[in-house]
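Reviewing the structure listed below.
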Amino acid sequence: MAINPAKVESHAKYCTSKGFGFPILSDPDKSAVKAFGCINALTGGVSRTVFALDTKGKIIFAERGQASYDDVLTAIKSAKG
């Protein structure tokens with residue numbers, strides 16, 4: 001799952017174009033991105049951040065910017081044991 005303040009319609013088109021098997025949720029008031037500390041203090045915009053959570057909701061990976069898919073998958077596989 002992903003979260004972004006853009007509209008649902010643009011998310012659906014993006015997910016389809018990228019072949020994602022998961023949704024991007026719309027967060028127009030930025031409440032979720034604020035809760036995760038992903039607001040740029042200078043611009044007020046969203047700072048791209050990638051998180052991976054385990055099945056209990058614990059953050060097992062966090063990286064600002066465009067994280068490597070391999071790094072994210074490694075964190076997920078490590079959490080599974």
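The first residue of the sequence shown is numbered 1, and numbering continues consecutively from there.
- The main-chain N or O of K80 is never found under 3.5 Å from a side-chain atom of D54 such that the two would form a donor-acceptor pair.
- Atom CZ of R48 sits about 14.0 Å away from atom CG of N40, to the nearest 0.5 Å.
- Proximity of R64 to C38: side-chain heavy atoms (C-beta onward) are separated by under 4.5 Å at one or more points.
- Between F22 and C15, the shortest heavy-atom distance links the atoms O-SG, 3.6 Å.
- Between I39 and V33 the shortest side-chain heavy-atom distance falls below 4.5 Å.
- Side chains of D29 and S31: a donor-acceptor N/O pair is present below 3.5 angstrom, by distance only.
- Hydrophobic clustering, with ILVMFWY side chains joined whenever heavy atoms are under 4.5 angstrom apart, keeps V50 apart from F36.
- The side-chain heavy atoms of V46 and P5, taken from C-beta on, include a pair separated by under 4.5 Å.
- For the pair A52 and V72, the tightest heavy-atom approach, listed with the atom from each and the gap, is CB-CG1, 4.3 Å.
- For the atom pair Q66 CD and T49 OG1, the distance stands at 11.0 Å (nearest 0.5 Å).
- Side-chain contact check for D27 versus N4: every heavy-atom pair is 4.5 Å or farther apart.
- Counting only distance, with no hydrogens or angles, the side chain of S26 and the backbone of A6 share a donor-acceptor pair below 3.5 Å.
- Between the OG1 atom in T16 and the NE2 atom in H11 there is a gap of 12.5 Å [rounded to 0.5 Å].
- What you find for E63 and A67 is that their closest heavy atoms are OE2-CA, 3.7 Å.
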For the pair F51 and F61, evaluate ring pair (Phe, Tyr, Trp, His ring centres under 6.0 Å) and give the outcome as yes or no after the intermediate values. CA-CA 5 Å; F51 294 98; F61 179 89; 8.8 Å; no
